[in-house]
Amino acid sequence: MSTGTINVAVENIFPLIKKFLYSDHEIFLRELISNATDATLKLKHLTNIGEAKVEYGKPIIEVKIDKEKKQLHIIDQGIGMTKEEVEKYINEIAFSGAEEFIEKYKDKQGEEAGIIGHFGLGFYSAFMVANKVEIITKSYKDEPAAHWVCDGSPNYTLEEADKTERGTEIILHIADDETEFLEKGKITELLTKYNKFMPIPIKFGMKTETLPKPEDAKEDLPDGKAEDPAPTKEVDNIINNPNPAWTKQPTDLKEEDYKSFYRELYPMQFEEPLFNIHLNVDYPFNLTGILYFPKMTNDMNMQKDKIQLYQNQVFVTDNVEGIVPEFLTMLRGVIDSPDIPLNVSRSYLQADGAVKKIASYITRKVADKLKSLFNDNREDFEKKWDDIKIVIEYGMLTEDKFFEKAQQFMLFPTVDGSYFTFDELKDKVAAAQTDKDDKLVLLYASNKEEQHSYIETAKEKGYEVLLLDSPIISHLIQKLESEKENVTFARVDGDHIDNLIKKDEAAISKLSEEEQETLKTFLTETIPADKFTVQLEAMDSNANAFTITEPEFMRRMKEMQQTGGGGMFGMGGFPEMYNLIVNTNNELVGEILNTKTAKKKERLVTQALDLAKLSKGLLKGEEMTKFIKRSYDMIK
Ligand code: ADP
Ligand code: MG
């Protein structure tokens with residue numbers, strides 16, 4: 001037996017190891033299983049190339065809890081280590097690696113501390129949960145097994161052991177304040193979180209498997225009890241799927257395989273994904289993965305943090321911020337890349353060349369997929385539009401490359417359920433909706449119910465009305481207007497329709513200049529000036545007497561401020577202001593003007609104003625109660 005002292009530069013590394021990764025103790029298991037996996041894959045490689053003349057067989061990794069002895073065992077059948085190798089890899093290399101790591105991160109907090117969890121401390125992370133660690137290992141080479149013991153001080157012992165099967169067993173003597181790691185539930189949770197898709201089968205206990213009933217089994221009794229219960233047997237409880245879908249070739253996978261992998265990833269998710277994108281590159285960086293488009297809701301924050309990041313099938317994190325362009329963090333699925341440097345801060349990550357390439361590759365793949373879906377089956381794409389538009393619109397806003405590509409599949413739905421690309425739309429409405437200044441005006445509504453009367457007015461003119469209802473649409477419209485020449489978007493309730501698309505025809509008012517003056521004065525005095533700006537317009541006599549509009553610019557700025565950025569006013573700097581368009585050619589307006597009794601005149605205005613409010617959805621509370629009462633009185 002030999003004893004020794006690990007060459008420690010820092011006073012004593014073990015208390016440090018235990019202390020500083022306080023919130024991330026659990027990663028020790030991922031580290032040890034990664035080592036066991038590496039050791040097994042190394043053996044596979046050596047047998048493949050004929051270097052190791054042993055039977056590779058069907059190796060597994062086993063995790064065992066011995067509650068009584070307060071031990072956790074991780075056992076593999078990999079290459080193992082000779083005594084000299086333990087000396088070298090554990091006492092020297094791994095240790096100095098751990099030491100360097102601690103040196104670098106011991107004072108770090110906050111964001112940096114989170115990074116540490118991604119960046120393994122390696123073998124020595126065992127000391128985060130154990131006060132004593134043993135290694136019993138037998139190399140594939142014809143040499144005796146070795147037994148290493150270290151109690152958390154820099155002293156260790158290393159002696160020969162009588163283990164005969166190839167591989168390594170790590171025994172953790174779990175510290176008294178870490179006994180949660182002796183709980184079956186806790187270990188199951190960790191294995192499922194970090195090792196669910198690791199390439200070597202991982203066994204954790206046994207489970208009962210139900211076998212198919214034999215041919216001649218008796219039928220179940222009517223009360224549901226089985227006369228001949230199906231036979232069962234005890235089998236290894238393998239917690240992982242060593243060959244997850246993303247490691248396979250797209251050509252080897254069917255639609256159903258992608259769907260079942262989705263269920264594997266998100267067992268609690270009952271909704272099926274809309275479609276998937278298989279990522280697969282090996283130059284200039286290595287990346288595989290499958291992204292899924294789920295059905296999106298309009299609540300954008302709810303859906304983040306669903307993409308899982310792996311490094312060679314080891315789970316790293318589900319926060320892919322900085323790696324995947326932000327608009328794609330709403331998707332689900334898996335990305336696996338050994339080329340993502342996780343030991344750097346998020347801000348550094350975003351500036352990293354390889355990571356930038358990864359992000360733009362993913363963006364391009366998503367755009368290509370959307371384009372091919374659009375080209376291959378437009379009808380189906382239109383059906384999915386509502387569920388995916390938020391991602392596309394968000395992408396168009398934030399990634400210029402994506403904005404360009406999206407021109408080919410971005411859809412503009414109309415209130416009547418037709419879908420146009422921008423170019424199609426332009427062709428369709430150019431003739432009717434170009435105003436006297438040669439600007440193309442694209443009309444839209446954000447809510448079919450609330451803006452019903454405005455939509456109808458526009459349709460009567462033969463105009464096409466789009467239905468654009470995403471929460472970020474004002475931002476996108478703003479961008480489209482600045483990118484496209486001579487195009488403006490106008491919401492149907494932004495102004496009277498004749499003002500939205502101004503044609504040359506000069507409107508003739510039935511009222512004289514003087515009458516208009518009197519009317520305007522009266523109305524401005526009667527109608528609260530802090531809420532409405534009165535505006536007289538000579539319109540078709542059939543058009544409503546009063547119409548409330550909200551100028552496009554103000555409304556858009558307000559919306560943009562609510563959904564972040566873009567506002568040029570301070571927070572809350574938007575007054576509730578509307579325009580009240582008064583149609584001087586409407587009969588009722590003439591009547592208001594000519595009514596002599598002040599009371600009656602006022603009543604007409606109040607009633608007409610309430611009606612206008614009603615159709616804009618602004619009539620509420622006490623005003624509504626009064627309006628209803630007044631209306632009943634009128635028909636009594
Ligand atoms: P890394 O895995 O990054 O090399 P670790 O600290 O996790 O660093 O492990 C240090 C070294 O110890 C490994 O490189 C390997 O040579 C050896 N080792 C650790 N665990 C095992 C194991 N289960 N089987 C064989 N060798 C192992
Ligand atoms: Mg390791």
Side-chain angles (χ1 to χ4, degrees), residues 6-8 13-14 16-17 21 24 26-47 51-52 54 56 59-64 72-105 116-130 133-141 143-150 152 154 156 158 161 163 165-172 194-195 198-203 310-316 338 341-343:
I6 300 166
N7 197 2
V8 210
I13 193 174
F14 298 104
L16 264 181
I17 290 179
L21 273 182
D24 249 331
E26 63 182 43
I27 58 132
F28 81 92
L29 189 61
R30 179 189 72 186
E31 292 301 318
L32 296 180
I33 292 183
S34 294
N35 284 351
T37 304
D38 291 347
T40 312
L41 292 173
K42 275 182 203 160
L43 183 71
K44 185 180 187 181
H45 179 69
L46 292 180
T47 52
E51 187 88 354
V54 295
Y56 177 65
I60 61 166
I61 293 167
E62 186 175 0
V63 179
K64 269 201 305 210
L72 186 67
H73 300 242
I74 294 107
I75 307 156
D76 68 61
Q77 298 154 17
I79 49 168
M81 285 178 277
T82 63
K83 218 170 129 189
E84 289 67 39
E85 284 166 341
V86 174
E87 197 57 79
K88 183 169 154 199
Y89 295 131
I90 300 296
N91 291 343
E92 290 167 26
I93 300 179
F95 189 80
S96 59
E99 197 182 23
E100 188 188 324
F101 180 84
I102 302 266
E103 260 309 289
K104 205 160 150 194
Y105 290 110
I116 294 164
H118 299 155
F119 182 52
L121 185 55
F123 170 76
Y124 280 92
S125 62
F127 286 97
M128 291 195 295
V129 299
V133 178
E134 295 179 58
I135 305 174
I136 304 169
T137 180
K138 164 97 181 71
S139 167
Y140 73 96
K141 295 172 196 158
E143 279 190 49
H147 186 184
W148 178 92
V149 187
C150 182
Y156 67 87
L158 180 59
K163 179 177 167 72
E165 330 80 83
R166 175 190 68 228
T168 301
E169 174 165 7
I170 308 282
I171 305 169
L172 305 183
Y194 292 108
N195 309 295
M198 288 192 67
I200 306 295
I202 300 165
K203 172 184 169 181
Y310 288 76
Q311 256 184 12
N312 295 323
Q313 294 174 242
V314 185
F315 174 81
V316 179
L342 290 160
N343 52 337

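Each ligand, and each atom within it, is numbered from 1 in the order the structure gives. Keep in mind that the numbers below use all heavy atoms, side chains included, and drop hydrogens, waters and symmetry copies.
If you check the side chains of E31 and Y194, you find no donor sitting under 3.5 Å from an acceptor. Counted by atom type alone, H147 and E134 present one or more donor-acceptor pairs between their side chains at under 3.5 Å.
For ligand 1, the polar-atom distance check finds no N/O of E31 at less than 3.5 Å from any of the ligand's N/O atoms. On a distance-only criterion, T168 and ligand 1 share at least one N/O pair closer than 3.5 Å.
Between Y156 and E87, the closest heavy-atom pair is OH-OE2, 3.1 Å. Summarising the geometry of T82 relative to S139, their closest heavy-atom pair is CG2-CB, 3.6 Å, with the distance given to 0.1 Å. Closest of all the heavy-atom pairs between R166 and Q77 is NE-O, 3.3 Å. Counting all heavy atoms, side chain and backbone alike, A52 lies closest to L43 at CB-CD1, 4.3 Å. In this structure, S125 and G122 approach most closely via the heavy-atom pair OG-O, 2.7 Å. When all heavy atoms of V314 and M198 are compared, the pair lying nearest together is CG2-CE, 3.7 Å.
Only the side chain of I90 comes within contact range of ligand 1, with a heavy atom under 4.0 Å; no backbone atom does. When heavy-atom distances to ligand 1 are checked against a 4.0 Å cut-off, L32 has no atom that comes that close, whether in backbone or side chain.
A salt bridge does not link E84 to K141: none of the charged nitrogens lies less than 4.0 Å from a carboxylate oxygen.
Summary of contacts: the protein heavy atom closest to atom 16 (O) of ligand 1 is Y89 CG, 3.5 Å. Of the protein's non-hydrogen atoms, the one nearest atom 26 (N) of ligand 1 is M81 CE, 3.6 Å. For atom 9 (O) of ligand 1, the closest non-hydrogen atom on the protein side is N35 ND2, 3.7 Å. Taking atom 25 (C) of ligand 1 as the reference point, the nearest protein heavy-atom neighbour is A39 CB, 3.6 Å. In terms of protein heavy atoms, atom 6 (O) of ligand 1 is closest to F123 N, 2.8 Å. For atom 10 (C) of ligand 1, the closest heavy atom belonging to the protein is A94 CB, 3.6 Å.
For the Mg ion (ligand 2), protein N, O or S atoms closer than 2.8 Å were enumerated as N35 OD1, with waters left out.
Remark: side-chain polar atoms of T137 are paired, donor with acceptor, to backbone N or O of M81 under 3.5 angstrom. A donor-acceptor pair under 3.5 Å is formed between the side chain of K138 and the backbone N or O of E143.
Looking at I93, D76, I33 and measuring to atom 23 (N) of ligand 1, the nearest heavy atom belongs to D76.
To the nearest 0.5 Å, the span separating CD1 on I135 from CG on L172 amounts to 10.0 Å.
There is no protein heavy atom closer than 4.0 angstrom to atom 3 (O) of ligand 1. Under the 4.0 Å distance rule, the nearest protein heavy atom to atom 13 (C) of ligand 1 falls outside the cut-off.
Ligand 1 places these atoms under 4.0 Å from at least one heavy atom of G122: 5 (P), 6 (O), 7 (O).
Ring planes of F95 and Y124: perpendicular class, angle over 60° (limits at 30 and 60°).
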